[in-house]
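Have a look at the structure below, then the notes.
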Amino acid sequence: MPTKNFTLITGASKGIGKAMAHECASRGMDLYLVARSENLLQGLAQELSSKVQVKFLSTDLFSPDAPQRIFEFATQHQMNINMLVNNAGMGFYGVFHETDLQNHIRVMQLNMDACVRMAHEFLQRSDKKEKRYLLNVASTAAYQPVPNMTIYAATKAFMLFFSRGLRHELRKEKVNVTALCPGGTESDFFGPAQMEEVVKKNAQFMMKAEEVAKLGINGVLKNKSVVIPGFTNKAGALSAKLFPHDMVVPVAAKFFD
Ligand SMILES: NC(=O)c1ccc[n+]([C@@H]2O[C@H](COP(=O)([O-])OP(=O)(O)OC[C@H]3O[C@@H](n4cnc5c(N)ncnc54)[C@H](OP(=O)(O)O)[C@@H]3O)[C@@H](O)[C@H]2O)c1
């Protein structure tokens, strides 16, 4: 049976990933959804299946062999992954040395290791004759260190650099590589991150996940190197580039006290 093009979205069960699934479905893109919550993936797949073909796989990306299994499932089901949205991610709020080390390790595993493994499988296995798209979800936290979310911000800086480097490496191949750098976005991120108080304080700056998803998908289709959704987020990222970190970090810290 011939293979068909599919967009693979990690962390598609909730938040920005779920909004991306809706956005892609509205554009007629067939979907392969990945996250841990099987019931949520099943519900979303049912919802979207009137518009496009949807496959899903419940997998824990903390497992180092998950990316290989995800792509093997794609091969078994005749899916060619022509777009990968590396979206699954998590954060943890707290003073570095007072927080359980395992929380930091998990944030690094999911936000960096799993994304690198997914991108590697994608670039090796997907059909090189097809136009391909890689959307890496970083954050405005990539632009400066963020006290009390030090590890999270460092993982997102990694993702931004990883994305920019890959983009140059792949410039002669038919691969668009884009980093999406959202600021605060309404999602399920903040409960597990223990950030309810921080969110309340910054409620006026929060964007809708649907808005962020639309800008991200538009950006990668148009081959933008980086997409920063919203004027305030763009201004924040620009300031972080223009001013020395010794000035910028105390300002960032005020938002995360
Ligand atoms: N919300 C914000 O303000 C914001 C701002 C900047 C950047 N971001 C980034 O945007 C991305 C999406 O975050 P979000 O705000 O949409 O958060 P979210 O609502 O918590 O969604 C996270 C998604 O990742 C999945 N996930 C978490 N751990 C996983 C694991 N071990 N294996 C597989 N899937 C896993 C979750 O599904 P299951 O629980 O079902 O596995 C869920 O679908 C993240 O990379 C985040 O860092 C968010």
Side-chain angles (χ1 to χ4, degrees), residues 8-23 32-45 56-67 69-70 84-93 102-103 105-115 117-118 135-144 146 149 151-160 162-163 179-196 198-203 205-213 215-216 226-230 232-233 236-237 252 255-256:
L8 195 176
I9 305 174
T10 66
S13 60
K14 304 168 191 163
I16 296 171
K18 183 179 175 181
M20 297 241 191
H22 278 278
E23 179 61 32
Y32 176 20
L33 310 175
V34 169
R36 291 167 303 182
S37 312
E38 188 162 18
N39 55 335
L40 296 182
L41 291 177
Q42 193 165 22
L44 183 59
F56 66 91
L57 186 68
S58 159
T59 317
D60 189 342
L61 281 163
F62 286 133
S63 164
D65 65 353
R69 281 188 280 108
I70 290 167
L84 168 64
V85 182
N86 241 338
N87 165 73
M90 65 184 290
F92 210 86
Y93 179 81
Q102 276 315 310
N103 290 334
I105 303 289
R106 285 161 79 81
V107 170
M108 294 192 292
Q109 278 175 343
L110 185 62
N111 296 7
M112 299 190 295
D113 293 22
C115 292
R117 288 175 198 275
M118 287 297 294
L135 180 59
N136 289 314
V137 181
S139 166
T140 47
Y143 285 90
Q144 73 288 299
V146 178
M149 291 207 77
I151 296 298
Y152 177 75
T155 65
K156 293 303 182 177
F158 171 90
M159 280 308 283
L160 180 57
F162 173 54
S163 211
L180 172 63
C181 297
T185 306
E186 290 170 12
S187 75
D188 292 318
F189 181 90
F190 304 100
Q194 302 192 353
M195 292 180 73
E196 279 97 345
V198 177
V199 172
K200 272 188 214 155
K201 214 171 108 178
N202 296 297
F205 301 117
M206 300 290 278
M207 287 183 73
K208 299 265 179 229
E210 292 73 21
E211 227 179 321
V212 169
L215 291 165
V226 178
V227 175
I228 304 174
T232 312
N233 295 326
F255 289 93
F256 290 87

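Read the numbers this way: they start at 1 and go in the same order the structure lists the ligands and their atoms. These numbers come from the heavy atoms of this one structure, side chains and all, not from hydrogens, waters or symmetry mates. Here, residue 1 is the first one in the sequence, and each next residue gets the next number.
Residue-ligand proximity: Lys156 is placed with a non-hydrogen atom under 4.0 Å from ligand 1. For the ligand labelled ligand 1, residue Gly184 lies inside the 4.0 Å heavy-atom shell. Residue contact annotation: Leu40 has no non-hydrogen atom under 4.0 Å from ligand 1. Taking a 4.0 Å cut-off on heavy atoms, Ser58 fails to register as neighbouring ligand 1.
At a 4.0 Å heavy-atom cut-off, ligand 1 does not touch Met206 at all. With a 4.0 Å heavy-atom cut-off, ligand 1 is reached by no atom of Ala114. Within the 4.0 Å heavy-atom criterion, neither part of Thr10 lies near ligand 1. Under 4.0 angstrom from ligand 1, the non-hydrogen atoms of Ala138 all belong to its backbone.
Comparing Tyr152, Phe62, Phe189 against atom 8 (N) of ligand 1, the shortest heavy-atom distance belongs to Tyr152. Relative to atom 45 (O) of ligand 1, the option among Asn87, Leu41, Asp60, Leu33 with the closest non-hydrogen atom is Asn87. The option from Gln109, Met159, Met195, Arg36 that lies nearest to atom 27 (C) of ligand 1, judged by heavy atoms, is Arg36.
Among the atoms of Gly17, none of the N or O lies under 3.5 angstrom from an N or O of ligand 1. Between Phe190 and ligand 1, a contact under 3.5 Å exists for no N or O pair.
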